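This report refers to the structure that appears directly beneath it.
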Amino acid sequence: MARARPGDGTEVPLDETDIEILKVLQRDSTLPLERLAKRVGISKTAVWNRIQRLQSEKVIRRQAVIVDAQRAGLGETFFIAIRTSQHNAGWLEAFHRIVQDMPEIMEAHRMAGEIDYILKVQVRSTRAFDDFYKRLVAQIDLFNVTSMLSMEVLKQETALPL
């Protein structure tokens, strides 16, 4: 299998050691190289080289801290299902820019099927969501918008099932 070019979206071939490194890092990316190397059974230098390769090939996009939204005062999660009647390049570009510029939008997905987009929005309160919603719809024409409040999180993972 040919190697992917960094950042082109192509699947990158991973061996068992790469996968084990990724599994450990997904649980704790602050683990010192020495301990990581011991866990996966290779040298510290080999682990460092593999991490550098995984970063350059965009398998590891970034490292981040996972903040508890409730404890940070952003305890309301809304999902917004959007249908649009416009699919031209100008509308798509404008919508993409709006999504990138609104920090409350935690995730945005273009969908197959009846719904065109799903947004995950994290806010302090329903009043804050209403303010967010008004700002969103003031910026772009949307055919149909349905908002849903998450009542309870049953599962939330950041680690991919490698």
Side-chain angles (χ1 to χ4, degrees), residues 4 6-12 14 18-33 35-36 39-40 51-52 54-162:
D8 73 354
T10 306
E11 185 176 335
V12 174
L14 303 172
D18 291 334
I19 290 170
E20 192 57 33
I21 289 169
L22 291 170
K23 285 180 178 180
V24 173
L25 288 176
Q26 285 186 115
R27 284 190 302 271
D28 183 1
S29 67
T30 66
L31 199 64
L33 279 177
R35 289 181 52 201
L36 177 56
R39 285 200 187 164
V40 300
I51 291 171
Q52 294 303 305
L54 292 167
Q55 288 173 334
S56 72
E57 291 179 339
K58 306 292 188 218
V59 175
I60 298 174
R61 293 189 326 211
R62 63 184 170 155
Q63 294 179 322
V65 171
I66 299 169
V67 177
D68 184 299
Q70 188 76 35
R71 290 181 183 265
L74 296 169
E76 300 294 345
T77 304
F78 285 83
F79 292 90
I80 304 173
I82 294 173
R83 289 177 49 209
T84 181
S85 58
Q86 300 183 47
H87 297 278
N88 61 67
W91 187 93
L92 293 170
E93 184 179 309
F95 184 71
H96 185 264
R97 186 177 57 255
I98 290 164
V99 165
Q100 298 304 316
D101 290 346
M102 298 186 85
E104 299 93 340
I105 300 174
M106 304 307 298
E107 293 183 36
H109 299 265
R110 189 168 57 88
M111 308 300 290
E114 290 186 33
I115 301 299
D116 294 309
Y117 298 91
I118 295 280
L119 306 180
K120 178 181 177 184
V121 176
Q122 201 74 43
V123 291
R124 293 187 180 283
S125 64
T126 54
R127 182 168 305 277
F129 176 75
D130 187 47
D131 293 340
F132 163 86
Y133 177 85
K134 289 173 184 173
R135 287 192 339 267
L136 174 65
V137 298
Q139 295 181 65
I140 195 158
D141 290 328
L142 302 172
F143 176 71
N144 186 294
V145 180
T146 303
S147 302
M148 298 157 279
L149 170 64
S150 172
M151 299 296 291
E152 179 183 9
V153 177
L154 301 177
K155 181 177 182 180
Q156 185 175 36
E157 287 292 329
T158 59
L160 293 174
L162 300 173

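Keep in mind that what you see is a predicted model, and the values were worked out from it rather than measured. Computed from heavy atoms alone, side chains included, the values below leave out hydrogens, waters and symmetry copies.
- Pairing each heavy atom of Leu149 with each of Thr77, the nearest pair is CD1-O, 3.5 Å.
- For the atom pair CE (Met111) and CD1 (Ile82), the distance works out to 11.5 Å, reported to the nearest 0.5 Å.
- Counting only heavy atoms from C-beta outward, the side chains of Gln55 and Gln52 approach each other to under 4.5 Å.
- Expressed to the nearest 0.5 Å, how far CG of Leu162 lies from CD of Gln26 amounts to 5.0 Å.
- Ring orientation note: the planes of Trp91 and Phe95 are close to parallel, at an angle under 30° on the 30°/60° scale.
- The CD1 atom of Ile115 sits 14.5 Å away from the CZ atom of Arg110 when rounded to the nearest 0.5 Å.
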Checklist entry - Is there a side chain to side chain contact (heavy atoms under 4.5 Å, CB included) between Ile140 and Gln86 once you walk through the steps? => result CA-CA 11 Å; Ile140 195 158; Gln86 300 183 47; over 6 Å; no
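- Between atom CE of residue Met148 and atom CD1 of residue Ile118 there is a gap of 5.5 Å, rounded to the nearest 0.5 Å.
- Looking at every heavy atom in both residues, Ala108 comes nearest to Ile105 through CB-CG2, 4.2 Å.
- No side-chain heavy atom of Leu54 sits less than 4.5 Å from a side-chain heavy atom of Leu25.
- The shortest distance between side-chain heavy atoms of Leu119 and Phe78 does not fall below 4.5 Å.
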Checklist entry - Can Val12 and Asp18 be said to form a side chain to side chain contact (heavy atoms under 4.5 Å, CB included), step by step? => result CA-CA 11 Å; Val12 174; Asp18 291 334; over 6 Å; no
Checklist entry - For Asp101 and Gln139, what are the C-alpha separation, side-chain angles and deciding distance, and is it a side chain to side chain contact (heavy atoms under 4.5 Å, CB included)? => result CA-CA 11 Å; Asp101 290 346; Gln139 295 181 65; 6.0 Å; no
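- Distance OG1/Thr126 to OH/Tyr133: 14.5 Å, rounded to 0.5 Å.
- Proximity of a side-chain donor or acceptor of Arg124 to a complementary backbone N or O of Gly73 within less than 3.5 Å is detected.
- One finds a salt bridge joining Lys134 and Asp130 here, because a Lys/Arg side-chain nitrogen approaches an Asp/Glu carboxylate oxygen to under 4.0 Å.
- In this structure, Glu157 CD and Ile66 CD1 are separated by 9.0 Å, a value rounded to the nearest 0.5 Å.
- Considering all non-hydrogen atoms of both residues, Gln122 and Ala69 come closest at NE2-CB, 3.6 Å.
- Across Gln63 and Ser29, no two heavy atoms sit closer than the pair NE2-CB, 3.7 Å.
- In this structure a side-chain-to-backbone donor-acceptor pair under 3.5 Å is missing from Glu20 to Val40.
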Next on the checklist: I'd like to know whether Tyr117 forms a side chain to side chain contact (heavy atoms under 4.5 Å, CB included) with Leu142, so could you lay out the CA-CA distance, the side-chain angles of the two residues, the decisive distance to 0.1 Å, and finally the verdict.
Outcome noted: CA-CA 11 Å; Tyr117 298 91; Leu142 302 172; over 6 Å; no
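- The minimum heavy-atom distance between Ser85 and Phe143, with the atom names listed, is N-CB, 3.6 Å.
- By the 4.5 Å heavy-atom criterion applied to side chains, Leu36 and Ile51 are counted as neighbours.
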